[in-house]
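Scroll down for the structure; my scribbles are underneath it.
Worth saying up front: this structure is predicted, and the values here are computed from it rather than measured. In what follows, every chain begins at residue 1, and chains take the letters A, B, ... in the order their sequences are listed.
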Amino acid sequence: MVMAQTEKIPDLIGKSVPRIDVREKVTGAAIYADDIQFGKKLLYARVKRSPYPHALIKSIDTSKAEALPGVKAVVTGKDFPNRIGLYLKDKHIFALNRVRFVGEPVVGVAAVSEEIAEQALELIDVEYEVLEAVTDAVYGATPEAPIIHPKLGEYEVPNFIFPQPGTNISNHFKIRKGDTEAAFKECAAVVEKTIRVPHVQHVPIEPHVAIAQMDETGKVTLWASSQSPFAQRNLIAKTLGISQSDMRVIAPYVGGGFGCKAGVTMEAIPVAIATKVPGYPVKFRLTREEEFYTNFVRQGLTIKLKVGCDADGNLLAMENTMYWDGGASTEYGVNITRAGGYSSTGPYDIPNVKTDSLCVYTNHPIGGAYRGFGMSELHAGIGQVMDELANEIGMDKVEFHLKNVVQGGDTLATGMKMHPTGLSKCIEKVADAIEWGKKSPPSAPNKRRGKGIALMWKAPAMPPNPGSSAWVEFAEDGTVVVGVGGQEIGQGAFTVAAQMAAAALGVPMDWVRIAGPLDTQYSPYEWQTVASRLTWSMGNAVKRAAEDARQQILDMVAEAWDENVDDLDIVEGKVVSYKSERDISLKNIVIYGIPKENDQGWIGGPIIGRGKFMPTYVTGLDKETGQGQRAVVHYTTGAQALEVEVDLETGKIDVINAVSAFDMGRAINPDLVHMQMEGGFVQGLSSAIFEEMMLKDGYMQNPSFVDYRIATTTDIPKKMTTIIVEEPQDDGPWGARGVGEHPMVPTIAALANAVYDAVGVRLDGPPYSAERVYMAMLKAGVVK
Amino acid sequence: MALNPTPGLPPFEYIKPASLAEASAFLAEHAGEARPFMGGTDTFVRMRDKAWHDKFVVDVKNLEGMRNITFDPQNGLTIGAAVNMNQVAASPFAQEHYPLLVEAARSVASYQLRSRATIVGNICNASPAGDTLGASILLGGVLHVYGVDGERDEPLSEFFHGPGKTNLKPGDIATAVHFPLPPADAVGRYIKLNRNNDGDLAIVGVTVLGYPDSATASGFRFKIALASVAPVPLIATAAEDILANSPITDDTITAAAQAAMDASTPISDTRGSAEYRKLMVRNLVKRAVSDVWGKLQG
Amino acid sequence: MAHHTITLTVNGETEVVTVPAHMTLLEMIREELALTGTKNGCASGECGACTVLFNGEPVNSCMVLAVEADGATVTTVEGLAHDHQLDPLQEAFVESGAVQCGFCTPGMLISSKALLLRAPNPSDDEIREALVGNLCRCTGYVRIVDGVKKAVKIAAQSEE
């Protein structure tokens, strides 16, 4: 492993080059999945969904629907009996025998128009026997709760997930380190708190859409708005009994992902239906309303925390019990529970830790990956108890954090050694920028101001060995085409990949193209576009592929010029010799090679560089204690500080200043990093103030933009500052780590702490809506 | 809010009548399965939700006079039914003489929705949350209606009966809303409490219009209308009386705000609980009346 | 089901289209004219991704019937650039970093264009108000507001 610190950093690294996809996107030329034209044969799929949170399917009569002119296929769970799932295989493409949430697919229809497909749904009769529903995770984990997955013990599961058959607990992650009970006795102050974080939805502006077609030979193509073309190829093919090589996934630009287009959700539906109508492309798109509750959502969390410190403010112990409301399937959610478990201390150095992180089946929508992968929910609790504990012992919060945060070399709660991290620097920088300790006067007599700070950490949550690969090819004019399997979902992955390839090769940025759209038939393998892992993992693969190509070019030229490779370099698209001072453009030679002198033949041939990366050092953790050598690949850390103004007459919160600082190791493209920090913060703010899936008896009450509000242009702070801190990652490309998810992680706690500073009240969890803040102030006697 | 709306609009026929008479006759003949079509901003949402199942959408926007906005210094402002909210907000007459109406219109949803949404449509739709209803009532608005029995005027003060329920009958087409000249030196204020800062439906809306009035003990008349706290736009008459009968002081305003709160009968829904809404009526009536009072005193 | 044949001008081109009564302007633009720059994000007038200029005014095209467009002039995102020359707004969005996933971008550009047509030098608050009906989940809006401001400057420079 090359130590990043000792490597020369090329000029292009750390440069804010413009996005390479932006011109397409401002002209309307950029193609998204729903924009692809399929011609007159296109069929449209619609789905009849469960009207009950929990019920047995007694009978399904599709005969009338099948008879409707224009209907080409009607399918049910019986047609596709195999289970699917990223980690825990506990889901069916269409419900089989039992429905477990309102909105679960029961019958699929393909017809010549969406209208006819909708009419067909009305003609389908499904008879149910309604069962008691579990709509609370804490209750769901008790022995009294009805069992939602009686066959949990039979499900296929990887060895780092620990289901408890006979219960609704599909994963139980534990940490037992030191002796918390004894340590609490030593504490000068102890804070206990329960926080509830409601389900929220990703709300990409582009709803899910997928189109599938099977040809007469049985080969299937899926076009999808997808963060995970390879995972979808793998899982859908396996479930439907197709060879992975006979399934092809084409994934154009994604109109916002945030995790909801990772793994497999609705994409399996058109594929399944397409296998019944060979030759026909079948399109399935979710309505905005379906987008809200029928696909992945962010799990709800009830977190019970107990944390204590000594009189000097040194943290001594933490107990953390998390009940994750995993929903009807926890195929993906089990690993969120695990991530919440191994990161359960937050970025704090605590000697005694007891953690129980439970993934609980409920009859709620299915939890999946969501920007932060459990960390926003976890830190909503951690960030507040730390604030309260500092209050308890009367210590300045910034001082308290600086005293207790993890440092490079610390042994973490899982036994892993922490790598160098710039968290302390992040804290200092946000404190400075927000003018910590200085109280500014409110803008009106009926308003109160306050400041809050909160920290975060997050590791990429993945299996131990997710792989990345890349290739680098050339066109005749020397321009470069880079093949990647990681997706451009708005974060700028293609731009950064191009930048890295250009930097590693020694060509100008505008020589590089990314081979798109992603196509599993031609693009190199990438596990998934999740976990803020692309810059780091795919980045390594791209860098290696470019270096491989570069080496091939230099070898060829060295041979042609009869020089030593070490004297050659590629600069601005030309091979130069520092010895002979000759130079030659990459143009032509990267395809045709170089002629030998006197027409005596040729040297070289088409250059193709390849690179791969896979972490090989992540170890398992003990099932009972959570201890192991290395739980994760690394942690990205950061801090946020906010200043808020609370309206005493309405409870409305106005964020007037927001500062973020994160340590992403190396900012390959600083502008893109700032954009992630801005956008992530606003998404965090939106979840902190506005967002909640209102679930009543399993039914979502607000599945529309009218009733589920997200932040708009008028809700953002007038002042926002984002700060880059760089403590290089030993195995990151030029030291880089990801920072896509992190900016929204500390926001709920930062806001809660600022509101507390302003008006002295805390809620039992987000959203900090005007109503909830006002009612809390009323209850506390702050207002009358 | 429906869990399973259709992806697109359900099928219907589009009717574009040549005259009000033809439109009215068609609507009367197809009572229950046809409706007049203005901006469509509510209609389409309800059709997707399968709440409305009309077979015919009767586009009356292009009939004579529907797109006119006229001002007469003696009689006041007349806004055709197809005049959109942005046009009202941009009208120099509205801005000069009816700033309260402009303020209310500008608070509705988003600019691009207001390119379609109309004041008359807002009135006919009769949502308790309708932002422009309070101002329209307090400004003495009268709806011009063309029906099977000819033309008639509907004073808005007696027009609303419940969510979506009004004096309109099958065959009726609202053609315009008319506002007389506002009382001399009148000052208005619309305070809308949203979840977001802007672009949202009202949790509570408070409309206040105040003006000097020698007939009252206080020397002033305050009119107060409340949105989203009753099945219809609620006129807070008890609060109005308090402000008419006692000298305007902080205590009087507080008492009036309390009376408005006591009069409101909100429901709990996804936007807010009944309890919070009542408290906000109190706090925002106080704020709005105080604002208006401040301006009345110059 | 009756169909209607309508004639309209889209991005300067005359189009004759036959549509069913319940087809929205959005569906017509995307499916009949294959102008897929205009996006469908909610089909209920809330997200603004389908915003187009309709006789010069911004509308959510999912809230307009295609038949209503008979005789109308429509401008979509594809109609903003001329002769391969980006509109100052597009240029400014590029320079400001106003684009991430790009799905809200066409609607943002059209709403911004409409704003600049009616208020050539808008204040920050005017920009924010004008874009309140265009949801974006990626950018946090900061650079979009910056982009509109920058467009004013670019337009002013090109006039000089």
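Heavy atoms closer than 4.5 Å to chain C are found nowhere in B/R114, neither backbone nor side chain. For B/K16, no part lies under 4.5 angstrom from a heavy atom of chain C. B/N196 does not touch chain C: none of its heavy atoms, backbone or side chain, sits under 4.5 Å away. For chain B, the nearby part of C/E27 is the side chain; its heavy atoms alone come within less than 4.5 Å. Looking at C/T51, only its side chain comes within 4.5 Å of chain B, counting heavy atoms on both sides. With a 4.5 Å cut-off on non-hydrogen atoms, B/P5 does not touch chain C at all. When heavy atoms are compared at a cutoff of 4.5 Å, B/D198 approaches chain C by way of both its backbone and its side chain.
The stretch residues 62-69 of chain C places C/C62, C/M63, C/V64, C/L65, C/V67, C/E68 near chain B, each with some heavy atom under 4.5 Å from a heavy atom of that chain. Residues from residues 124-147 of chain C that place a non-hydrogen atom less than 4.5 Å from a non-hydrogen atom of chain B comprise C/E129, C/A130, C/V132, C/G133, C/N134, given in numerical order.
C/N11 contributes a side-chain N or O that, together with a main-chain N or O of C/T76, makes up a donor-acceptor pair within less than 3.5 Å. Judged by distance alone, the side chain of B/E13 and the main-chain N or O of C/A2 form a donor-acceptor pair under 3.5 Å. With hydrogens and angles disregarded, a donor-acceptor distance shorter than 3.5 Å links the side chain of B/R277 to the backbone of B/I267.
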**OP:** List the steps, then state whether side chain to side chain contact (heavy atoms under 4.5 Å, CB included) holds for C/E32 with C/E15.
**Re:** CA-CA 10 Å; C/E32 302 299 317; C/E15 304 278 359; over 6 Å; no
Practice prompt. Tell me, with the steps shown, if C/N60 and C/C50 meet side chain to side chain contact (heavy atoms under 4.5 Å, CB included).
Written response: CA-CA 6 Å; C/N60 294 299; C/C50 69; 3.9 Å; yes
Using side chain to side chain contact (heavy atoms under 4.5 Å, CB included), reason through C/F93 and C/S112 one step at a time and then give a plain yes or no.
CA-CA 11 Å; C/F93 269 44; C/S112 303; 4.0 Å; yes
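Between B/V145 and B/T175 the shortest side-chain heavy-atom distance does not fall below 4.5 Å. In this structure, the side chains of C/T75 and C/K113 stay at 4.5 Å or more apart for every pair of heavy atoms.
Between B/R46 and B/D54 there is no salt bridge, since no side-chain nitrogen of the basic residue lies less than 4.0 Å from a carboxylate oxygen of the acidic one.
Scanning for ring pair (Phe, Tyr, Trp, His ring centres under 6.0 Å) contacts around B/H30 gives B/F26, B/F56, with sequence neighbours left out. Looking at residues two or more places apart in sequence or on another chain, you find no ring pair (Phe, Tyr, Trp, His ring centres under 6.0 Å) involving B/F160.
Below 30°, between 30° and 60°, or above 60°: for B/F12 and C/H22 the angle between ring planes is above 60°, a perpendicular geometry.
Interface remark: of the candidates B/A90, B/G199, B/S115, B/S110, B/S115 forms the most heavy-atom pairs closer than 4.5 Å to chain C.
In this structure, C/R118 satisfies the cation-pi test against B/Y111, with its NZ or CZ atom closer than 6.0 Å to the six-membered ring centre and inside 45 degrees of the ring normal.
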